[in-house]
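Below is one structure, written out as structure tokens, with a few remarks after it.
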There are 2 protein chains.
Amino acid sequence: MRHPTIEDVARTAGVSVATVSRALRDLPNVAVSTRDRVLTAARELDYEIDPQASRLASGRTMTIGLIAPLFGTWYVDRVVNGAESVLADAGYDLLITSTRTRESLSSFFDRIRSFGRRIDGALVIDLYVHGADLARLETLGVPAVTVGEDLGPYPSITIDNRRAGAEATRHLIDLGHRRIGLIGGSADSSFSSPVPERREQGWRDALETAGLPADPGLVVEGEFVVDGGERGLARLLSADDPPTAIFCMSDYMALGALIEARRRGIEVPRDLSIVGFDDHELSRPFGITTMRQDVDTIGTTAATVLNTLLCGDTPAVTQTVHDVTLVKRESTGPAPVR
Amino acid sequence: MRHPTIEDVARTAGVSVATVSRALRDLPNVAVSTRDRVLTAARELDYEIDPQASRLASGRTMTIGLIAPLFGTWYVDRVVNGAESVLADAGYDLLITSTRTRESLSSFFDRIRSFGRRIDGALVIDLYVHGADLARLETLGVPAVTVGEDLGPYPSITIDNRRAGAEATRHLIDLGHRRIGLIGGSADSSFSSPVPERREQGWRDALETAGLPADPGLVVEGEFVVDGGERGLARLLSADDPPTAIFCMSDYMALGALIEARRRGIEVPRDLSIVGFDDHELSRPFGITTMRQDVDTIGTTAATVLNTLLCGDTPAVTQTVHDVTLVKRESTGPAPVR
DNA sequence: ATGAAAGCGCTAACAG
DNA sequence: CTGTTAGCGCTTTCAT
């Protein structure tokens with residue numbers, strides 16, 4: 001009980017395999033009546049194209065590589081989710097590979113040629129490489145689109161992190177806050193993303209515009225995780241002149257800050273304002289004011305651009321910068337009067 | 001600048017392509033010196049096996065299908081993460097397909113034969129099908145392992161939801177609680193998982209064992225999301241004789257309950273005890289007592305069993321039931337005295 | 001508009 | 001232990 005082949009279809013339709021191949025793929029130069037006959041035969045036999053054979057013959061794999069610090073991070077999962085919906089519709093399989101750790105990244109680089117051979121295109125999510133590493137990435141040898149960072153050679157889908165950081169900070173300044181703390185990324189530069197420093201630059205920008213000093217003592221690391229937010233707030237509050245407001249570079253850290261504040265009996269937003277980043281689904285129930293990025297749309301946009309590329313067309317824009325908008329909730333309020 | 005083929009390697013190594021094929025795949029019947037020569041030639045030419053050609057010729061695709069309500073749910077992402085680490089090491093690509101919605105499920109069923117042809121095996125996560133749907137699933141035509149539910153024909157990796165539900169409830173009973181609410185799943189039976197009803201049965205079991213009535217008024221739906229927990233608690237507290245403790249079938253709902261309790265000025269655990277399920281990473285910072293399931297291990301176990309199957313071996317056990325353990329934190333305490 | 005035929009690059013008998 | 005020879009099932013010129 002083998003799978004029927006294209007020859008079986010050709011025989012029962014009374015045509016050649018070439019014609020079957022054409023008819024099934026909606027290529028031109030097939031008479032309507034012939035096409036119908038082929039389609040009927042195919043249906044009758046319950047025929048399906050063998051993907052492996054098709055791939056070998058055509059040279060196209062009909063699969064897209066997803067290169068990302070995969071599975072587990074909210075951001076990546078959402079992007080992938082958005083991309084999947086578009087790419088699946090376009091008939092592409094998704095092949096995933098993880099680059100979260102140093103090892104998995106270098107293992108990816110080791111297998112990059114092999115990886116590149118099994119895909120027609122790639123979506124590169126949250127990968128920050130330059131120089132030699134970027135050169136290695138290019139040995140992929142297929143069209144790619146990057147998400148989260150503009151890597152130069154590829155079309156990119158990003159947000160303006162600096163601007164968003166400034167806007168978050170300005171919101172706090174507008175509320176009358178004058179000492180605004182920052183809970184951000186990591187000093188672990190071995191794997192560094194430029195995102196934290198951009199958001200920090202935005203914080204700096206906003207302070208400067210307001211004529212406020214950017215005190216380095218107001219900047220702590222939070223590693224983008226909940227307990228990073230907890231520890232970060234603890235550190236900030238132990239300073240001589242603690243901030244009355246905090247900009248956290250992710251909602252998870254904002255959540256941690258919220259927890260720590262509560263633990264210390266600090267009332268939010270009366271005693272302390274907190275603004276996060278992402279608009280994670282937990283932010284609404286916890287009333288966290290945040291900078292919203294529409295991650296699903298980022299994913300679908302990336303997929304759409306990649307698809308355009310694969311169709312041989314030139315995308316209208318190669319550098320898409322998505323909006324980030326302030327969502328006001330209950331975690332921010334007027335600066336306390338002293 | 002084409003890719004070198006096996007023939008190129010054969011030529012420079014001075015052997016036949018068959019020998020190259022054997023040598024490269026570590027098959028027996030190759031002289032050590034020959035193998036060395038081949039390996040050297042391959043390295044020199046920077047040769048890599050063409051996966052498409054290899055697949056067509058061998059009939060094996062070296063890819064595993066991941067069938068899951070993918071991306072976005074904590075549970076699935078963790079399972080996939082665990083599975084990926086094992087399967088990637090075994091040289092398998094992962095092909096993902098989503099079944100979250102009714103449509104995506106039926107679209108999956110429409111493409112199931114085609115899907116089955118591009119994989120050597122499948123990991124079926126959190127898919128609850130029976131009867132005709134199960135029969136359709138079997139048309140996949142490849143070995144599979146199920147996670148989350150024992151579907152009958154396949155080896156399965158599960159937890160004992162009933163027992164875990166009972167244990168959570170017993171913990172509350174042991175603390176002196178006599179009215180114990182339940183925030184659980186959904187009545188939307190079109191897509192029903194048996195998991196909620198099993199956990200509810202466990203709740204019932206524990207109450208019965210303790211000689212306590214299982215008041216249907218104590219059971220509300222929470223949809224496994226945060227605001228479901230919020231609304232659920234609100235509903236439960238509006239009853240005549242509200243519960244002093246709640247068992248939530250997920251940590252997300254427990255979190256929602258915690259939020260709602262706080263909103264109402266109800267102190268946890270003094271006035272109300274809450275136990276969750278999962279041991280989500282947020283549960284520790286929020287001090288939520290929970291039933292911990294080791295989701296990463298579930299994923300690796302599933303992958304390992306599948307791998308065994310694909311090697312043609314019979315797995316030692318076909319029904320693996322993973323432990324669920326009570327993690328006591330700060331959200332549960334003695335029942336309030338009245 | 002259709003068919004014949006030559007691959008795509010590898011694996012797997014089979015023979016030696 | 002090694003080489004020869006068929007395929008695997010489809011796509012794609014090139015004729016007609």
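As a basis for the values below, the full set of heavy atoms in this structure was taken, side chains included, without hydrogen atoms, waters or symmetry mates. Bear in mind that the values here come from a model prediction, so they are computed numbers and not experimental data. In what follows, chains carry the letters A, B, and so on, assigned in the order in which the sequence lines appear, proteins first and then strands, with residues in each chain numbered from 1.
Within the structure, every side-chain polar atom (N or O) of R22(A) is placed at least 4.0 Å from both OP1 and OP2 of dT2(C). Distances shown here put a side-chain N or O of T34(A) below 4.0 Å from the OP1 or OP2 atom of dT2(C). Contact annotation: S58(B) side-chain N/O to dT11(C) OP1/OP2 distance is not under 4.0 Å.
Of all heavy-atom pairs between I64(A) and I119(A), the closest is C-CG2, 4.0 Å.
When the P atom of dT11(C) is taken as reference, atom CE of M62(B) falls 12 Å away, rounded to whole Å. dA13(C) atom P lies 14 Å from atom CG of N29(B), rounded to whole Å. Rounded to whole Å, the distance from CZ on R11(A) to C1' on dG3(C) is 16 Å. For L27(B) and dC10(C), the CG to P distance is 15 Å, given to the nearest whole Å. Remark: P of dT11(C) and CD of Q52(A) are 13 Å apart, rounded to the nearest angstrom. Atom P of nucleotide dG9(C) and atom CG of L56(B) are separated by 12 Å, given to the nearest angstrom. We find that CZ of R35(A) is positioned 10 Å from P of dA1(C), with the value rounded to whole Å.
Ion pairing between a basic and an acidic side chain is recognised when a charged N comes within 4.0 Å of a carboxylate O; R35(B) and D26(B) show such pairing. Salt bridge annotation for D133(B)-R136(B): absent, with no cationic side-chain nitrogen under 4.0 angstrom from a carboxylate oxygen.
There is a side-chain donor-acceptor pair under 3.5 Å between D120(A) and T61(A). R118(B) and S114(B) share a side-chain donor-acceptor pair at under 3.5 Å. Looking at Y128(B) and D126(B), their side chains do bring a donor and an acceptor atom within 3.5 Å of each other. The closest side-chain donor-acceptor pair between T301(A) and H322(A) falls under 3.5 angstrom.
Taking for each of R25(B) and V17(A) the nucleotide of DNA chain C with the nearest heavy atom, the 5'-most of the two is the partner of V17(A). Along DNA chain D, the nucleotide nearest T19(B) and the nucleotide nearest E7(A) are compared for position; the residue whose nucleotide lies closer to the 5' end is T19(B).
Distances were taken from every side-chain heavy atom of A18(A) (C-beta onward) to each of dA1(C), dA13(C), dA5(C); the shortest belongs to dA5(C).
If you walk DNA chain D from 5' to 3' and mark each nucleotide with an atom closer than 4.0 Å to a heavy atom of chain A, the marks span dG9(D) to dT13(D).
Applying the 3.5 Å distance criterion, the base of dG9(C) shares no donor-acceptor pair with the side chain of R55(A).
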